[in-house]
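Report on one structure; see the data block that follows.
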Amino acid sequence: MKVTLRDSRPPIWRRLEVPSGITLRELHDVIQAAFGWEDYHMWSFDSGSARYGIADQGLGLRSATSKQLGQIATRSGDRLLYTYDFGDNWEHDILVENITAPEPGTAYPHCLTGRRAAPPEDCGGIWGYDHLIEILADRHHEEHEERLEWLGLDSADRFDPAAFDVAQVNSALSARAAVLVKVKD
């Protein structure tokens, strides 16, 4: 599947392989790890016919722990919307690119590739992230030092919005990974 942060220019995305039996709650955890977020906020998946998250009648959310990805995305080309942080409103377009049998000896979930650094938590949505990048690029900006301190950086050179490290993402996913099909001896 390809998970793309909506309205990001250039696009910020991750290509992930996950088992179809993964619950939407587990998929939320995978996306959090793939984007380096901390799971501080509410979230939901929208299948077009229902919304899933932490069950809440007032928000119209059904339980994500009782729904598997393969139950709502049954074929290649199916799409979901994942929203994280209802305040910053990080919307992610999820495209199921292909459905295949698991490879023997391969641990899932894992990241195949991606593009660009994920925005830091609580930076104000995609527009706030764009503004943050502008501030960090201008060392004379009145908020430059304040934003460096907020990010815990001593220099703006330590934050590269173009960077992506697939090994780092897979390291974050490794605690959730399991081999589904053993290699035959």
Side-chain angles (χ1 to χ4, degrees), residues 1-18 22 24-46 51-54 59 64 69 79-97 106-177:
M1 71 174 35
K2 185 175 183 182
V3 182
T4 304
L5 188 55
R6 187 177 279 182
D7 296 325
S8 58
R9 301 284 180 264
I12 300 168
W13 56 269
R14 307 291 182 260
R15 182 164 285 122
L16 306 167
E17 286 189 331
V18 300
I22 193 170
L24 295 181
R25 169 65 198 170
E26 293 166 329
L27 182 57
H28 158 74
D29 292 337
V30 167
I31 294 170
Q32 288 289 297
F35 281 84
W37 286 332
E38 304 293 329
D39 196 14
Y40 293 150
H41 303 285
M42 294 191 67
W43 51 273
S44 68
F45 287 94
D46 188 335
R51 290 180 62 222
Y52 301 91
I54 297 171
L59 294 175
L69 176 62
R79 295 178 178 271
L80 299 169
L81 174 65
Y82 168 72
T83 304
Y84 174 62
D85 185 351
F86 296 167
D88 282 357
N89 202 41
W90 296 109
E91 293 183 323
H92 305 70
D93 294 307
I94 299 175
L95 171 64
V96 176
E97 293 182 312
T106 300
Y108 298 92
H110 64 257
C111 182
L112 298 172
T113 189
R115 184 162 183 226
R116 302 192 63 81
E121 192 95 37
D122 291 328
C123 70
I126 196 65
W127 298 274
Y129 181 53
D130 290 343
H131 186 62
L132 175 64
I133 291 171
E134 289 173 19
I135 291 170
L136 293 177
D138 179 2
R139 62 185 183 91
H140 299 292
H141 192 284
E142 64 185 46
E143 295 178 38
H144 185 82
E145 291 301 319
E146 178 185 324
R147 295 299 177 106
L148 284 176
E149 184 178 329
W150 178 71
L151 289 169
L153 302 176
D154 54 8
S155 165
D157 296 338
R158 299 200 21 119
F159 181 76
D160 181 3
F164 173 75
D165 185 343
V166 71
Q168 185 177 30
V169 172
N170 280 320
S171 177
L173 291 171
S174 66
R176 295 165 180 79

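Sequence positions, counted from 1, serve as the residue numbers for this chain. Worth knowing before you read on, the calculation uses all heavy atoms, side chains too, and leaves out hydrogens, waters and symmetry mates.
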Original post:
Ring centroid separation for Y108 and H110, is it under 6.0 angstrom?
Top reply: yes
**OP:** Would you confirm whether R158, through its side chain, and L148, through its main-chain N or O, come within 3.5 Å as a donor-acceptor pair?
**Re:** no
Subject >> From CA spacing to verdict: side chain to side chain donor-acceptor pair (under 3.5 Å), E121, Y84 >> reply: CA-CA 10 Å; E121 192 95 37; Y84 174 62; 2.4 Å; yes
**OP:** Could I get the full list of salt bridge (Lys or Arg N to Asp or Glu O under 4.0 Å) partners for R116, not counting sequence neighbours?
**Re:** none
Original post:
Would you say the side-chain atoms of D46 pair up with the backbone N or O of R51, donor to acceptor, closer than 3.5 Å?
Top reply: no
Subject >> Under the salt bridge (Lys or Arg N to Asp or Glu O under 4.0 Å) test, residues paired with E143 that sit two or more places apart >> reply: R147
Original post:
Checking W37 side chain against P119 main chain: does a donor-acceptor pair fall under 3.5 Å?
Top reply: yes
Subject >> Of D85, D88, T83, the residue whose pairing with H41 passes side-chain contact (heavy atoms from CB on, under 4.5 Å) >> reply: D85
Original post:
Can S8 and W90 be said to form a side chain to side chain contact (heavy atoms under 4.5 Å, CB included), step by step?
Top reply: CA-CA 10 Å; S8 58; W90 296 109; over 6 Å; no
Original post:
Should I54 and L59 be marked as a side chain to side chain contact (heavy atoms under 4.5 Å, CB included) after you check the CA-CA gap, both sets of side-chain angles, and the distance that decides it?
Top reply: CA-CA 10 Å; I54 297 171; L59 294 175; over 6 Å; no
**OP:** Not counting sequence neighbours, which residues clear salt bridge (Lys or Arg N to Asp or Glu O under 4.0 Å) with E97? List them please.
**Re:** R15
Original post:
For Y82, does its backbone N or O pair with a side-chain atom of H92 as donor and acceptor, under 3.5 Å?
Top reply: yes
Original post:
Are any side-chain N or O atoms of R14 and backbone N or O atoms of R115, one a donor and one an acceptor, separated by less than 3.5 Å?
Top reply: yes
**OP:** Apply side chain to side chain contact (heavy atoms under 4.5 Å, CB included) to the pair W150 and L132, showing each step before the final yes or no.
**Re:** CA-CA 11 Å; W150 178 71; L132 175 64; 4.3 Å; yes
**OP:** Kindly assign one of parallel, tilted or perpendicular to the pair W43 and F45, based on the angle between their ring planes and the thresholds 30° and 60°.
**Re:** perpendicular
**OP:** Kindly say whether I135 contributes a backbone atom to a donor-acceptor pair with the side chain of H144 at under 3.5 angstrom?
**Re:** yes
Original post:
Which value, rounded to the nearest 0.5 Å, describes the distance between L153 atom CG and E145 atom CD?
Top reply: 11.0 Å
